[in-house]
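Accompanying notes for the structure given below.
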Amino acid sequence: MNRDALGFLTLAALWGTAFVATKAALAEFPPVLLGALRFDIAAAVLVAVAVASGQRLRPAGWGDLAPILAGGAFSIGLHHALLFTGQQYVSSAVAATLLGLIPVLTPVAARVLRPDERIDAVGAVGLLVGFAGLILIADPDVGRLPLVGDGAGGGALAANAGALFVFGSAVAWVAGAVTTREDDATLGPLALQAWMAAVGALLLHVAAAVLGQSAATLDPSTTGLAWLAYLAVVPGAGGFLLYFRLLDRLGPIRAGLLEYAIPPFAALFGFVVLSETLAVNTAWGFVCIFAAFVLVQRAPIRAALRRRVR
């Protein structure tokens with residue numbers, strides 16, 4: 001148990017630093033291209049580890065291709081394009097907290113695709129509480145919307161738009177979670193993740209080209225390249241390797257609680273590295289999102305606790 005707890009906290013810290021590393025790297029890289037370069041490197045590392053561990057990498061039919069394409073398109077491509085774009089305008093803590101909506105939205109999306117399952121009254125209240133948290137964090141204020149020549153209002157609008165981009169990235173991740181079916185896959189999780197990273201990187205490169213974000217115009221400093229390498233290797237490839245081990249040992253419910261251990265680390269590293277501060281609304285938004293998770297996921301949480309006691 002101590003080893004599991006240490007692994008849990010280590011992964012939360014690693015993924016908490018990812019928000020800070022992204023924020024720092026965005027000073028020198030355009031957002032979509034940054035995501036593409038990150039997953040170029042991460043995919044190469046994951047493939048190398050898979051080969052070294054003797055895992056098969058060649059997909060064997062649609063059972064492997066379906067999760068690779070869905071995960072690469074939604075969980076890697078669209079998710080990180082929106083997340084990195086939003087992080088230009090919001091702090092690391094805000095971005096990490098908003099992604100806490102993922103375990104709230106995932107069962108809702110799954111139930112939409114499965115008519116035999118419905119959200120009860122308590123679950124509906126949980127959704128309302130979760131979106132209240134989103135509103136607290138986004139902090140929309142019509143009085144601060146930009147007028148002509150109103151630079152301050154423009155900054156407020158950009159922050160609100162940034163929060164919505166990050167929320168959109170959470171929705172994209174959920175779309176990947178509910179459409180990525182690994183039941184018929186013959187490849188192992190590591191090989192699947194390597195392929196997802198490669199597909200996501202390719203799609204991000206295409207999107208970057210469409211948006212005019214070209215690597216030819218880059219002139220990154222040594223610091224910028226170091227942030228990119230750290231983002232790709234440590235919280236990227238290394239984080240996913242640790243996550244798969246924890247998922248196997250802890251199960252999906254307890255592993256899902258990771259989303260609520262990440263924001264404190266993101267806030268701490270953001271304060272130390274980037275001198276970011278934590279707004280009161282962000283803290284209350286975190287409380288609302290965590291409460292929403294408990295309300296929506298109360299049945300599996302209760303079952304997991306009962307099994308643990310027994």
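Since we're looking at a predicted model, the values are computed, not measured. Heavy-atom basis, side chains included; hydrogens, waters and symmetry copies ignored.
- Under the 4.5 Å side-chain criterion, counting only non-hydrogen atoms from C-beta, Y230 is in contact with P235.
- From L190, atom CG reaches atom CG of L57 across 8.0 Å, with rounding to the nearest 0.5 Å.
- When the side chains of ILVMFWY residues are joined at heavy-atom separations under 4.5 Å, either directly or via intervening members, L101 and L99 end up in a single hydrophobic cluster.
- L204 is not listed as a side-chain neighbour of L37, based on a closest heavy-atom distance of 4.5 Å or more.
- Here the closest non-hydrogen pair linking A18 and L231 is O-CD1, 3.5 Å.
- The 12-atom threshold is not exceeded at CZ of F165, counting heavy atoms of other residues, nucleotides or ligands nearer than 6.0 Å.
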Determine, step by step, whether M196 and S75 satisfy the side chain to side chain contact (heavy atoms under 4.5 Å, CB included) criterion, reporting the C-alpha distance in whole Å, the side-chain angles of both residues, the deciding distance to 0.1 Å, and the verdict.
CA-CA 8 Å; M196 289 179 195; S75 300; 5.9 Å; no

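- Under the 3.5 Å distance criterion, the side-chain polar atoms of R56 are matched with a main-chain donor or acceptor of T186.
- The CZ atom of F84 lies 12.5 Å from the NZ atom of K23; values are rounded to the nearest 0.5 Å.
- A continuous path of hydrophobic side-chain contacts links L98 to I262 [ILVMFWY only; heavy atoms under 4.5 Å].
- The CZ atom of R58 sits 11.5 Å away from the CG atom of D64 when rounded to the nearest 0.5 Å.
- The two residues L83 and A95 have their closest heavy-atom pair at CD1-CB, 4.5 Å.
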Between I76 and V199, is the side chain to side chain contact (heavy atoms under 4.5 Å, CB included) condition met? List the steps.
CA-CA 8 Å; I76 303 296; V199 170; over 6 Å; no

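- Heavy-atom minimum distance, A237 versus A42: CB-O, 4.3 Å.
- Side-chain contact between P220 and L228: absent, with no pair of heavy atoms (C-beta onward) separated by less than 4.5 Å.
- Hydrophobic clustering (side-chain heavy atoms under 4.5 Å, transitive across Ile, Leu, Val, Met, Phe, Trp, Tyr) groups I41 together with F19.
- With contacts defined as side-chain heavy-atom distances shorter than 4.5 Å, the pair S92/T22 does not qualify.
- For W15, the CH2 atom sits in a packed shell: over 12 heavy atoms of surrounding residues, nucleotides or ligands are nearer than 6.0 Å.
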Intermediate values then yes/no, side chain to side chain contact (heavy atoms under 4.5 Å, CB included), V166 and V94:
CA-CA 9 Å; V166 177; V94 166; over 6 Å; no

Check against side chain to side chain contact (heavy atoms under 4.5 Å, CB included), I68 and L192
CA-CA 6 Å; I68 287 171; L192 285 174; 3.8 Å; yes

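- Contact annotation: the side chain of L69 approaches that of W62 to within less than 4.5 Å [non-hydrogen atoms, C-beta and beyond].
- The backbone N or O of P31 sits nowhere less than 3.5 Å from a side-chain atom of Q88 that would complete a donor-acceptor pair.
- Both V90 and F286 are part of a single hydrophobic cluster, where members link through side-chain heavy atoms under 4.5 Å apart.
- Atom OG1 of T10 sits about 8.0 Å away from atom CZ of F265, to the nearest 0.5 Å.
- Annotation for L203 and A73: closest pair CD1-CA, 3.6 Å, computed over non-hydrogen atoms.
- The shortest non-hydrogen separation linking G285 to T97 is C-CG2, 4.3 Å.
- In this structure, F29 has its ring center at least 6.0 angstrom away from the ring center of W227.
- Across every non-hydrogen atom of V129 and C288, the tightest pair is CG1-O, 3.2 Å.
- Proximity of a side-chain donor or acceptor of Q213 to a complementary backbone N or O of V32 within less than 3.5 Å is detected.
- To the nearest 0.5 Å, the span separating CG on L202 from CG on D40 amounts to 9.0 Å.
- Neither V49 nor W195 shares a network with the other; the hydrophobic side chains, linked directly or stepwise wherever heavy atoms of I, L, V, M, F, W or Y lie under 4.5 Å apart, form separate groups for each.
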